[in-house]
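This report refers to the structure that appears directly beneath it.
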Protein chains: 2
Amino acid sequence: MITIKDVAKKAGVSVGTVSNVINNIDIVSESTKRKVFKAIKELNFKPNIIARSLSKGKTDNIAIIVPEINNPFFPELIRGITDFLETKGYYAIIINTDNNAEKEEIFINGLNSFLVSGIIIAPADSKGKDFRVLSELKIPIVIVDRESDNLNDDTVIVNNHKGAYDAVNYLINCGHKIIIILCGSNHTKTAQNRYIGWRKAMEENNLFNDDYIYWGDFTIDSGYKMMDEVLKKFKKVDAVFASNDIIAIGAMQAIRENGLRIPEDISIIGFDDIYFSKLLSPPLTTIRQPVYEIGSMAAEILLKKIEGKSELKNICRYVIDGELIIRDSVAKKAGS
Amino acid sequence: MITIKDVAKKAGVSVGTVSNVINNIDIVSESTKRKVFKAIKELNFKPNIIARSLSKGKTDNIAIIVPEINNPFFPELIRGITDFLETKGYYAIIINTDNNAEKEEIFINGLNSFLVSGIIIAPADSKGKDFRVLSELKIPIVIVDRESDNLNDDTVIVNNHKGAYDAVNYLINCGHKIIIILCGSNHTKTAQNRYIGWRKAMEENNLFNDDYIYWGDFTIDSGYKMMDEVLKKFKKVDAVFASNDIIAIGAMQAIRENGLRIPEDISIIGFDDIYFSKLLSPPLTTIRQPVYEIGSMAAEILLKKIEGKSELKNICRYVIDGELIIRDSVAKKAGS
DNA sequence: ATGAAAGCGCTAACAA
DNA sequence: TTGTTAGCGCTTTCAT
């Protein structure tokens, strides 16, 4: 392995000077700089990042902790984060917890204070979990997409409550009355808030009914199972609000397999607007999250914290409005 | 930060002993071990991984380099890799190159020999690219899913040639004759080999025609555009072999928008069997790649190389057969 | 079984 | 402007 020492020897200067050169500390004379660069090139020297990190007491690594790498929402979020990070010379370590709070905990415990200099996390669970370890790490954290009772830090999140409220109101305005909600995991604030939005819209229109509520989790399978139960129990349902697009996809499959048509027999609306939603048949009406932008925002905020350009005291919540994307999965009833 | 030194002082032993304890080097007496563990617990000590890496000259980090995090195929591959890695105490750094060979190169150059102790890569490009840097890193590499002329190392890959050949033969056996191929990127061996498989089946049945060949890339948009052109040019096509499911999804959209039905008017078959394929309408007939298993295989091979349990001299190619999954996107013509 | 000390490659403070 | 050197926290060899 070529070290800074070899370069120094070859260039006929000291290690300190080489260090100054490779760190762009502009104090070195042009002529020595040239000599050093020449030696670096000839030896094909690459600074050892580990040694640098140990010496500096920080790394250029960021951890991104996501709950479900399989939901296309998260790869897109990751792209938003990493595209921004890369322009600033940071690497990302991506950790997939598979919605497993224990796994999440193990990883967080392994996240040594020196391994990463920042964390962007979409927590698997909203409660019960003890994030004290994270706070003790004393490294900047930004929370995205999901919130947790025990994690209090800068957050970038879509307005789940309003998005759900808008979605359900759209359904109601289209003339639907029996509107089922297929909730995500009760352990997430995301699902809870979307439920609250649904409930508010339903109550305001005197449509609320306890029986319309189904709790599951944010997977295709869960969407399928919940919808299957709905279809068994109700002779007639007008529409369903799926807590995310993944659930909607599962539900659509169940609806189809039961010989029902979308939207003629049942209307459905989703949440997220993942890439596949517009390609479904029928294309899914949904609430779009600007997920890529949420990712880059989170990255930008994190980097500001890391580089000390932002007050660490003030915890900010950035709440971004979703947007209703009307496609073909919701029927307009006569007179609506 | 609590260091090994603090622990040593508190336990009344030397740092060397503490090091032996935390590394499970069984030479320490039970009583000192107890003292050390007690101190570790009381101080909530976590070993500094950076320092350990520097000292040992290796890390427990693996880099996974994928070309398209947006294609659900890759998140699933990543899951296969990381699930295996985690059980062995390794972390994964995931790098998404967005099919950009330059970006890939920049990352690889940044991959310091000490930053990761192994690499699993699905190269963005099959030729032209100079992977000398990678070889010079002298760290174990495993190639997955895609191959490259300039990268010669252990490889885990599906039998693209045979998979395509099987797919097209299935189409032919169903009575189709005008079979278009929607190829992926000409820069990838994957696309090239699937093309060769198609060509072989077509030639063997005297069905080959130059006009049936469309080159694009492995994206939904590309699938859509290619299919659109096909539909403009041909008054009648029997079936299309899409080089992967993502292309198939785009093509299906184009077919639908042109007022044609699948499979009544046009049959289509894909490759990969990503999770969404069975949920399309109609569910997509395709060649399944055991992608999760390919991921864990790659991880297992890599770890063996890292831990020196395998001969680094012998380069192995593990070629795994895909499996034809028959669903509803291919019509059986009368008499077939 | 335990301790002392050298070193991993780099940065940064200080001296020259 | 350049050189020297003491760490960063840990592992590992060599004495004891």
Side-chain angles (χ1 to χ4, degrees), chain A residues 1-37 39-40 43-61 89 110-117 137-139, chain B residues 1-37 39-40 43-61 89 110-117 137-139:
Chain A
M1 148 156 289
I2 310 294
T3 75
I4 208 175
K5 228 166 154 182
D6 302 317
V7 176
K9 197 195 271 174
K10 177 136 202 161
V13 299
S14 73
V15 289
T17 301
V18 177
S19 176
N20 284 332
V21 171
I22 61 181
N23 286 289
N24 280 319
I25 295 172
D26 228 344
I27 197 182
V28 189
S29 75
E30 279 306 318
S31 62
T32 27
K33 233 191 240 173
R34 254 195 307 277
K35 281 189 289 181
V36 173
F37 278 131
I40 287 177
L43 295 170
N44 190 24
F45 164 78
K46 301 269 169 58
N48 181 318
I49 293 176
I50 298 282
R52 175 180 289 171
S53 302
L54 180 61
S55 182
K56 284 200 172 184
K58 62 164 288 218
T59 72
D60 293 335
N61 291 334
L111 236 41
N112 214 283
S113 52
F114 266 32
L115 222 194
V116 297
S117 44
L137 249 34
K138 294 221 172 51
I139 49 184
Chain B
M1 150 156 289
I2 310 295
T3 75
I4 208 175
K5 227 167 153 181
D6 303 318
V7 176
K9 196 195 273 178
K10 177 136 201 162
V13 299
S14 73
V15 289
T17 301
V18 176
S19 176
N20 283 332
V21 170
I22 61 181
N23 286 289
N24 281 318
I25 295 172
D26 228 343
I27 195 183
V28 189
S29 75
E30 280 306 319
S31 62
T32 25
K33 234 191 239 173
R34 253 195 308 278
K35 280 189 288 181
V36 173
F37 278 131
I40 287 177
L43 295 170
N44 190 26
F45 164 78
K46 302 267 169 56
N48 180 318
I49 294 175
I50 298 282
R52 173 179 291 170
S53 303
L54 180 62
S55 183
K56 285 201 173 185
K58 61 165 287 217
T59 72
D60 293 336
N61 291 143
L111 237 41
N112 213 282
S113 51
F114 266 31
L115 223 195
V116 297
S117 45
L137 249 34
K138 294 220 172 50
I139 49 182

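Throughout, a chain's letter reflects where its sequence line sits, starting with A, and its residues are numbered from 1.
Between A/Lys5 atom NZ and D/dT5 atom C1' the separation is 12 Å, expressed in whole Å. Remark: P of D/dC10 and CZ of B/Arg52 are 8 Å apart, rounded to the nearest angstrom. Rounded to whole Å, the distance from CD1 on A/Ile25 to P on D/dT2 is 13 Å. A/Ile27 places its CD1 atom 9 Å from the P atom of D/dT2, with the value rounded to the nearest Å. We find that CD1 of A/Ile49 is positioned 15 Å from P of C/dG9, with the value rounded to whole Å. The CD1-C1' distance, from A/Ile50 to D/dC8, rounds to 13 Å in whole Å. A/Asn20 has its CG atom 15 Å from the P atom of C/dC14, to the nearest Å. Rounding to whole angstrom units, NZ of residue B/Lys9 and P of C/dA4 are separated by 14 Å.
Closest to the side chain of B/Val13, out of C/dG3, D/dC10, C/dG9, is C/dG3. Distances were taken from every side-chain heavy atom of A/Lys56 (C-beta onward) to each of D/dC10, C/dT11, C/dC10; the shortest belongs to C/dT11. Which of C/dA12, D/dT12, D/dC10 sits closest to the side chain of B/Thr3 comes down to D/dC10. Distance from the side chain of A/Val15 is smallest to D/dT4 among D/dC10, D/dT4, D/dG9.
No contact: B/Val18 has no heavy atom under 4.0 Å from any strand.
No donor-acceptor pair under 3.5 Å is formed between the side chain of B/Ser19 and the backbone N or O of B/Val15.
The nearest heavy atom of DNA chain C to A/Ile4 and to B/Val28 marks one nucleotide each, and the one closer to the 5' end goes with B/Val28.
Considering all non-hydrogen atoms of both residues, B/Ser14 and B/Ala8 come closest at C-CB, 3.8 Å.
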Quiz item: When you look at B/Ser117 and B/Thr59, which way does the side chain to side chain contact (heavy atoms under 4.5 Å, CB included) test go after all the steps?
Solution: CA-CA 6 Å; B/Ser117 45; B/Thr59 72; 4.0 Å; yes

Practice problem: For the pair A/Thr17 and A/Val28, evaluate side chain to side chain contact (heavy atoms under 4.5 Å, CB included) and give the outcome as yes or no after the intermediate values. | Solution: CA-CA 7 Å; A/Thr17 301; A/Val28 189; 4.0 Å; yes

Quiz item: Can B/Asp60 and B/Lys58 be said to form a side chain to side chain contact (heavy atoms under 4.5 Å, CB included), step by step?
Solution: CA-CA 7 Å; B/Asp60 293 336; B/Lys58 61 165 287 217; 4.0 Å; yes

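In this model, the phosphate group of D/dT2 is approached by a side-chain N or O of A/Ser29 to a distance below 4.0 Å at OP1 or OP2. In this structure, A/Ser53 does not reach the D/dC8 phosphate: none of its side-chain N or O atoms is under 4.0 Å from OP1 or OP2. A close approach under 4.0 Å does not occur between any side-chain nitrogen or oxygen of A/Ser19 and OP1 or OP2 of C/dC10. Of the side-chain N and O atoms in A/Asn23, one or more sit less than 4.0 angstrom from OP1 or OP2 of C/dT11. Contact annotation: A/Thr17 does not reach the phosphate of D/dT2 (side-chain N/O to OP1 or OP2, under 4.0 Å). A/Thr32 has a side-chain polar atom (N or O) that falls below the 4.0 Å cut-off from OP1 or OP2 of D/dT2. Contact annotation: A/Ser14 side-chain N/O to D/dG3 OP1/OP2 distance is under 4.0 Å.
The only option from B/Ile40, B/Val13, B/Ile22 that meets the side chain to side chain contact (heavy atoms under 4.5 Å, CB included) definition with B/Val7 turns out to be B/Ile40.
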